[in-house]
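Okay, so here's the structure we're looking at.
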Amino acid sequence: MTRSASGAPADVLVVGGGIIGLAVAWRAAQRGLHVVVVDPRHGGGAAQVAAGMLAPVTELQYGEEPLLRLGMASNERYAAFAAELTEASGGHDTGYRQCGTIAVALDADDRAELRELHAFHQRLGLDSQWLTGREARRLEPMLAPGVRGGLHVTDDHQVDGRRLAAALVHACERAGAVLRRGEAAELLVEHDRATGVRLATGERVTAERVVLAAGSRSHLLPGLPPGVLPAIRPVKGQVLRLSVPEAYRPFLSRNVRAVVRGGHLYLVPRENGELVVGATTEEQGYDTTVTAGGVYELLRDAHELVPGITELPLVETGAGLRPGSPDNAPLLGPTALPGLVAATGHYRNGVLLTPVTGDLVADYLATGTLPELARPFSPTRFTKVPA
Ligand code: GLY
């Protein structure tokens with residue numbers, strides 16, 4: 001029986017057992033807190049679909065410099081985080097791979113856009129090197145002959161979201177966090193303070209602090225007072241998984257990305273031969289249907305970029321939901337409701353921001369002070385009520 005089930009509140013109740021909730025739980029448990037994580041399926045969620053590109057530099061958007069700092073901080077922690085997680089989980093490898101990324105242009109417009117991105121990288125002092133088409137193809141011979149140039153970013157890497165989730169589940173359990181299977185049906189609020197949740201079974205799980213880490217459904221938890229969290233919009237991404245036969249390896253040696261017809265396209269080659277192709281960006285509610293149109297567009301664009309891709313077995317299609325906050329940046333730390341802490345809204349960067357989110361939110365839970373790095377991402381930026 002867990003402490004919470006026996007009636008005494010846990011220190012921390014995490015609502016949502018995806019990679020963000022699990023990273024917070026693992027780090028908090030390591031700091032001696034008694035943690036319970038509620039989810040119908042721990043380790044599920046968007047990480048089961050995500051390609052796992054760790055791309056703070058190549059996914060950089062203008063005006064998002066605070067997010068870049070957070071992304072770079074997480075990227076810098078990744079190698080140590082992955083090694084510690086493998087050890088703490090009893091040997092579960094995360095598929096973390098320091099492979100670098102090239103972003104290439106297929107036509108003159110894409111090339112002009114990449115040139116601007118390169119100038120922006122240089123202004124910010126980021127490691128980003130301009131490549132001619134020939135240089136890009138020398139690095140990745142499977143690229144189409146028409147590639148017009150690109151960028152080589154040696155610090156944007158990859159991890160396998162599924163293996164990361166599995167390792168976090170094991171590390172949480174080994175650190176003493178209680179993974180409680182169930183659906184949170186209502187946030188409990190007593191005397192204007194979050195005190196736990198009622199599960200769909202009717203059972204109550206109580207805690208000193210509640211961390212809301214339920215991705216694109218975070219703001220939908222019944223009982224959440226109005227205005228505490230902004231609406232988190234679900235942004236669908238369809239993703240394909242192909243398999244590179246031994247004889248064709250290495251098909252690609254690093255992540256390859258491009259903007260094709262205005263959409264982000266990326267190919268993430270894993271060491272085990274899996275090749276992940278993503279992703280569509282669709283805003284149409286909580287729908288995760290894989291559509292013929294989505295698969296067609298991804299294959300059409302990927303074929304334009306890497307023609308040999310049509311020879312590979314297509315082994316899986318899937319769709320996930322990115323949790324998009326109103327400014328596309330995450331919500332980290334205490335909310336306007338005492339006792340309620342947010343770790344959500346990571347949009348396109350959930351896998352990248354997992355290590356830093358775990359560290360920053362657990363730091364807040366253990367010390368009561370939100371670290372400096374997290375302050376631009378306070379959930380209270382969307383509330384009128386003082387925190
Ligand atoms: N970070 C990749 C995506 O959201 O599609």
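As the structure is a computational prediction, the values presented were derived from the model and not from experiment. This chain uses plain numbering: 1 for the first residue, then up along the sequence.
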So L275 and R241, do their side chains get closer than 4.5 Å, heavy atoms only? no
Checking side chain to side chain contact (heavy atoms under 4.5 Å, CB included) for the pair V178/V37: CA distance, chi angles, key distance, verdict? CA-CA 6 Å; V178 175; V37 186; over 6 Å; no
Do the side chains of R148 and D110 get close enough for a salt bridge, i.e. N-O under 4.0 angstrom? no
Pair L332, L353 - check side chain to side chain contact (heavy atoms under 4.5 Å, CB included), show working. CA-CA 11 Å; L332 305 176; L353 295 178; over 6 Å; no
Quick one: are R209 and L365 in side-chain contact, heavy atoms under 4.5 Å? yes
Looking only at the side chains, is there a donor atom on one of Y96 and Q98 sitting less than 3.5 Å from an acceptor on the other? yes
Take E283 and R322 through the test salt bridge (charged side-chain N to carboxylate O under 4.0 Å, His left out) and record every step on the way to the result. CA-CA 10 Å; E283 302 210 20; R322 308 173 182 92; over 6 Å; no
Any salt bridge between R138 and E135, counting N to O under 4.0 Å? no
For S218 and G215, indicate whether the former's side chain and the latter's backbone hold a donor-acceptor pair under 3.5 Å. yes
Check this for me, if you would: do R97 and D160 make a salt bridge, where the nitrogen-to-carboxylate-oxygen distance has to be below 4.0 angstrom? no
Decide side chain to side chain contact (heavy atoms under 4.5 Å, CB included) for L13 and V35; before the verdict, give the C-alpha distance in whole Å, the side-chain angles of both, and the deciding distance to 0.1 Å. CA-CA 6 Å; L13 167 63; V35 183; over 6 Å; no
Does atom CG of D192 have more than 12 heavy-atom neighbours from other groups under 6.0 Å away? no
Hey, are the side chains of L331 and R381 touching, using non-hydrogen atoms and a 4.5 Å cut-off? yes
Pair T101, N255: side-chain N/O donor-acceptor within cut-off below 3.5 Å: yes
Give me the atom names and distance for the closest heavy-atom approach of V38 to G182. CG1-O, 3.3 Å
Non-hydrogen atoms of L221 and A185 that approach each other most closely: CD1-C, 4.2 Å
Verify the neighbour count for atom CD of E113: are there more than 12 heavy atoms of other residues, nucleotides or ligands below 6.0 Å? no
Can you tell me if Q48 uses its side chain to pair, donor with acceptor, with the backbone of G161 under 3.5 Å? no
Using a strict 4.0 Å threshold on nitrogen-to-oxygen distance, state whether E203 and R180 make a salt bridge. yes
For H219 against I232, the heavy-atom pair lying closest together: CE1-O, 3.1 Å
Say whether L131 and L143 are linked into one hydrophobic cluster, either directly or through other cluster members, by side-chain heavy-atom distances under 4.5 angstrom. yes
One should read off an interatomic distance between L70 CG and L360 CG, to the nearest 0.5 angstrom, of 6.5 Å
Could you tell me whether the side chain of S253 and the main chain of P250 form a donor-acceptor pair under 3.5 Å? no
Are Y286 and L220 packed together at the side-chain level, in the sense that at least one heavy-atom pair is separated by less than 4.5 angstrom? yes
Any idea how H170 and H92 line up, ring-wise: parallel (<30°), tilted (30 to 60°), or perpendicular (>60°)? parallel
Would T383 and T335 satisfy side chain to side chain contact (heavy atoms under 4.5 Å, CB included), going step by step from the backbone distance to the final call? CA-CA 9 Å; T383 21; T335 68; over 6 Å; no
From L352 atom CG to S74 atom OG, the distance as rounded to the nearest 0.5 Å: 5.0 Å
One thing to verify: whether D156 and R257 come together as a salt bridge, which I'm taking to mean a side-chain N less than 4.0 angstrom from a carboxylate O. no
For E316, does the CD atom sit with more than 12 other heavy atoms under 6.0 Å from it, leaving out its own atoms? yes
About how many Å separate CG of L126 and CG of L60, when rounded to the nearest 0.5 Å? 7.0 Å
Atom of N272, atom of R249 and distance for their closest heavy-atom approach: O-NH2, 3.5 Å
Drop me the distance from H118's NE2 to R123's CZ, to the nearest 0.5 angstrom. 11.5 Å
Test of ring centre spacing under 6.0 Å for F81 and Y78: yes
If we ignore hydrogens and angles and just use 3.5 Å, is the side chain of H34 paired with the main-chain N or O of A10 as donor and acceptor? no
Would you indicate whether the side-chain heavy atoms of R111 and L114 approach each other to under 4.5 Å? no
With R163, the side chain to side chain donor-acceptor pair (under 3.5 Å) member among T94, T86, D93: D93
Distance-only polar pair, side chains of S128 and H152, donor-acceptor under 3.5 Å: no
Test item: S378 side-chain N/O and A374 main-chain N/O as donor-acceptor pair under 3.5 Å: no
Do the non-hydrogen side-chain atoms of L224 and L212 ever get within less than 4.5 Å of each other? yes
Could you tell me if E271 and Q158 have a donor-acceptor pair between their side chains, going purely by distance under 3.5 Å? no
Check: R348 and P323 side chains under 4.5 Å, non-hydrogen atoms: no
Output for pair (L151 CG, H121 NE2), nearest 0.5 Å, gives 6.5 Å
Tell me whether R181 at atom CZ has more than 12 heavy atoms from other residues, nucleotides or ligands lying less than 6.0 Å away. no
Spacing of L240 atom CG and L298 atom CG [to the nearest 0.5 Å]: 4.5 Å
Check whether I102 and L265 end up in the same hydrophobic cluster, where Ile, Leu, Val, Met, Phe, Trp and Tyr are linked by side-chain heavy atoms less than 4.5 Å apart. yes
Taking all heavy atoms of D287 and all of L321, pick out the closest pair and write down the distance. O-CD2, 3.8 Å
Between T288, T289, V290, T281, which is the residue that forms a side-chain contact (heavy atoms from CB on, under 4.5 Å) with K236? T289
Exercise: do E282 and Q238 side chains pair donor with acceptor under 3.5 Å: yes
Taking the side chain as every heavy atom from C-beta outward, state whether P330 and L67 have any pair of such atoms under 4.5 Å apart. yes
Same cluster for V49 and L54 if Ile/Leu/Val/Met/Phe/Trp/Tyr side chains link at under 4.5 Å? no
Within 45° cone of Y347 ring axis and under 6.0 Å: R233 NZ or CZ: yes
Donor-acceptor under 3.5 Å (R375 side chain, L370 main chain): yes
Minimal heavy-atom distance between A25 and V14, with the atoms involved, is CB-CG2, 4.2 Å
For Y296, does the OH atom sit with more than 12 other heavy atoms under 6.0 Å from it, leaving out its own atoms? no
Count I, L, V, M, F, W, Y as connected when their side-chain heavy atoms are under 4.5 Å apart, and connections chain through other members. Are V147 and F251 then in the same cluster? yes
Determine whether V256 and W130 fall in the same hydrophobic cluster, where Ile, Leu, Val, Met, Phe, Trp and Tyr are linked whenever their side-chain heavy atoms lie under 4.5 Å apart. no
